[in-house]
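Report on one structure; see the data block that follows.
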There are 2 protein chains.
Amino acid sequence: MKDVLSGVEEKLRAREFKFTTRRELILKALLENNDKHLSAEELYNLVKQKAPDMGLATVYRALELFQELDIINAIDFGDGRKRYEFGVEVGKNHHHYHFICTKCGCINEVDDDLTEDLESRIGKKHKFTITDHQLKIFGICNKCLASY
Amino acid sequence: MKDVLSGVEEKLRAREFKFTTRRELILKALLENNDKHLSAEELYNLVKQKAPDMGLATVYRALELFQELDIINAIDFGDGRKRYEFGVEVGKNHHHYHFICTKCGCINEVDDDLTEDLESRIGKKHKFTITDHQLKIFGICNKCLASY
DNA sequence: TTGGATGCAAAGCCTTTGCATACCT
DNA sequence: AGGTATGCAAAGGCTTTGCATCCAA
C-alpha cells in the first residue's frame, strides 16, 4: 500500500501534478476498497468521513487524473454509472474478469489464468497491438440460484 | 432479415406488445447497421429520415423493450452513451469480441472462436451458471499505427 | 509567491417520465 | 372501443465546468 502511494506520488510529480492531501485520501479509500468497484459517489461518501468539506467535483477530477495516468480503469457494469478499479501497473492481476449476476446485480472479481494466453493468441492472429482487455461474464450467482 | 423481423413480431405478440410501424422501422435500421453499434441518438437520426415525426423517446422506449425481450444488448464503449447490438438469439455470433482503439476510438467487431470454450471452461471451474459474456480488447488499430 | 487544486453551484449530456393524443387489435 | 404506443416537453441522474478561493512547492 505504501508502495502504491509513493508510486502514484512519483507519477504525479513526473508530470508536475501535485500530490495533495485530498488526492491521497481518495487514493487510500480506493486502495482499501479495491475489491468493491466503487462509484464516484460511493467514494465521495467514504472520503467525506475523513474530510467532511470534500467536494464531489474533487473526487471526479481526481478519478479523471488517475485514469489519465493509467493508475485506475473505469468500468461500466450496466447500472448507469462508472466504477473504478486499479490498473495493471498497480498490482492488479491482469488476468481477472468480472462475474455479474443478472438477478441481483452483484459483481464478483475472479482471478483466473484461463484468460492468460487469450490476449496473446488474439494479438498474433489479428496483428493487433493490444494493451489491455476486459472480460465480463453474465449469469446467475450461487446465492440467487439457491433462493429458487 | 425477414426472419428476424417476423421473429421479433412473434416475440412481441407473445407478451402482448404491439408490432407497430415505428418499432419495425427502428428494428430495420438496427439490422441494416448491425456492425455499427449505433447509439440511441444515431438510431434516432437514421429513422427520422423515414419518419420525420418520430420522437427520440420512442427510440429509447423501443430499445428498452428490445432489451427486455433479449433481442438486443447494450454495451458501453466508454464514450458516455449506450450502444446496441443484436443478441445471440438473433443470429449474432456468440463468440465475438470488440477491438477498441484507444487512439481514435474506432470499434471493430471480430468473430473468433478463440473464446469459444472459454465460457464453458470458466463455468466448469467455478460452478457459475453462465448465460453470456462480453470481451473487449483495447489497443491501437492498424490505421493509427501506420500514421506514426 | 504562483500556478495548480478545490468547493460550490450551475450547466451539460444522456436517458427517463408524465400527460394528452394517436394508433393497433 | 379499449388499452397500448407515441410526441412533446419537463424532469432525473451522473458528470463536467466556471469562478473565486485556497494550498502545495
Side-chain angles (χ1 to χ4, degrees), chain A residues 5-6 8-27 29 37-45 47-69 71-84 105, chain B residues 5-6 8-27 29 37-45 47-69 71-84 105:
Chain A
L5 283 177
S6 53
V8 171
E9 184 172 355
E10 230 171 272
K11 251 188 175 172
L12 285 171
R13 289 192 203 289
R15 291 187 43 186
E16 302 193 319
F17 293 112
K18 290 173 181 169
F19 189 66
T20 61
T21 314
R22 308 266 124 139
R23 287 178 179 164
E24 189 176 350
L25 276 176
I26 293 170
L27 201 57
H37 300 96
L38 298 173
S39 67
E41 189 147 13
E42 288 165 355
L43 188 54
Y44 169 64
N45 288 326
V47 181
K48 214 170 165 57
Q49 294 171 11
K50 297 193 177 171
D53 61 331
M54 164 83 66
L56 180 54
T58 301
V59 174
Y60 275 106
R61 282 188 276 235
L63 288 170
E64 195 194 353
L65 181 61
F66 293 161
Q67 283 182 85
E68 209 175 302
L69 297 178
I71 295 162
I72 59 174
N73 297 320
I75 314 178
D76 177 294
F77 291 109
D79 60 351
R81 72 207 65 187
K82 289 177 184 169
R83 295 178 172 279
Y84 301 87
Chain B
L5 283 177
S6 53
V8 170
E9 184 171 354
E10 230 171 89
K11 252 188 175 173
L12 285 171
R13 290 193 201 288
R15 290 189 41 188
E16 303 194 317
F17 293 111
K18 290 173 181 168
F19 190 66
T20 62
T21 314
R22 306 268 125 137
R23 287 178 180 162
E24 190 176 350
L25 275 176
I26 293 170
L27 200 57
H37 300 97
L38 298 172
S39 68
E41 189 147 11
E42 288 166 355
L43 189 52
Y44 168 66
N45 289 326
V47 181
K48 215 171 165 54
Q49 294 171 10
K50 296 192 178 172
D53 61 332
M54 164 82 67
L56 180 55
T58 301
V59 174
Y60 275 106
R61 282 188 276 235
L63 287 170
E64 194 194 354
L65 181 61
F66 293 161
Q67 283 183 85
E68 209 177 302
L69 298 178
I71 295 163
I72 60 174
N73 297 318
I75 314 179
D76 177 293
F77 291 108
D79 61 350
R81 72 207 63 188
K82 289 178 184 169
R83 295 179 172 278
Y84 301 87

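All heavy atoms count here, side chains included; hydrogens, waters and symmetry mates do not. Each chain gets a letter, A, B and so on, in the order the sequences are listed, and its residues count up from 1.
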Practice prompt. Would you kindly give the CG-to-C1' distance between D76(B) and dC14(C), to the nearest whole Å?
Written response: 12 Å
Worksheet item: Mapping E16(B) and R22(B) to their closest nucleotides on DNA chain D, which lands nearer the 5' end?
Response: E16(B)
Worksheet, complete the sentence: Per nearest nucleotide of DNA chain C, the residue lying toward the 5' end, T20(B) or Y60(B), is Y60(B)
Worksheet item: Between the side chain of K11(B) and the main-chain N/O of L69(B), is any donor-acceptor distance below 3.5 Å?
Response: yes
Practice prompt. Report which part of the nucleic acid R13(B) touches: base, sugar-phosphate, or nothing (heavy-atom distance under 4.0 Å, all strands).
Written response: sugar-phosphate
Worksheet entry | Donor-acceptor contact present, side-chain R81(A) to main-chain A40(A), <3.5 Å | no
Item to complete: Starting at NZ of K48(A), measure out to CG of L43(A) and round the result to the nearest 0.5 Å.
Response: 12.5 Å
Worksheet item: Taking CD from E41(B) and P from dC13(C), how many angstroms apart are they, rounded to a whole number?
Response: 11 Å
Provide a list of protein-nucleic acid N or O atom pairs under 3.5 angstrom, restricted to nucleotides 19-21 of chain C.
none

Worksheet, complete the sentence: Between the CD atom in E10(A) and the CG atom in L5(A), the distance rounded to the nearest 0.5 Å is 12.5 Å
Practice prompt. Report the distance from atom CG of L25(A) to atom P of dT6(C), rounded to the nearest whole Å.
Written response: 10 Å
Discussion item. If the cut-off is 4.0 Å, is S39(B) near the phosphate of dC14(C), judged by side-chain N/O to OP1 or OP2?
Written reply: no
Worksheet item: In whole angstrom, what separates R23(B)'s CZ from dT25(C)'s C1'?
Response: 13 Å
Discussion item. Between R22(B) and D53(B), is there a side-chain heavy-atom distance shorter than 4.5 Å?
Written reply: yes
Response to the item:
note: F17(A), atom CZ; dG4(C), atom C1'; distance rounded to Å ~ 9 Å
Item to complete: Return the value, rounded to whole Å, for the distance between atom CD1 of I26(A) and atom C1' of dA5(C).
Response: 11 Å
Worksheet item: Does a side-chain heavy-atom distance below 4.5 Å link D76(B) with K82(A)?
Response: no
Worksheet entry | Test side chain to side chain contact (heavy atoms under 4.5 Å, CB included) applied to N45(A) - qualifying residues, sequence neighbours left out | E41(A)
Fill in: T58(B)/V47(B) under side-chain contact (heavy atoms from CB on, under 4.5 Å): CA gap, chis, key distance, verdict
CA-CA 11 Å; T58(B) 301; V47(B) 181; over 6 Å; no
Practice prompt. Considering only heavy atoms of chain B and a distance under 4.0 Å, specify the first and last nucleotide of DNA chain D in 5' to 3' order that meet this criterion.
Written response: dG3(D) to dC8(D)
Worksheet item: Side chains of L65(B) and L12(B): closer than 4.5 Å at any heavy-atom pair?
Response: yes
Worksheet entry | Euclidean distance, atom CG of residue D79(A) to atom P of dC14(C) [Å, nearest integer] | 19 Å
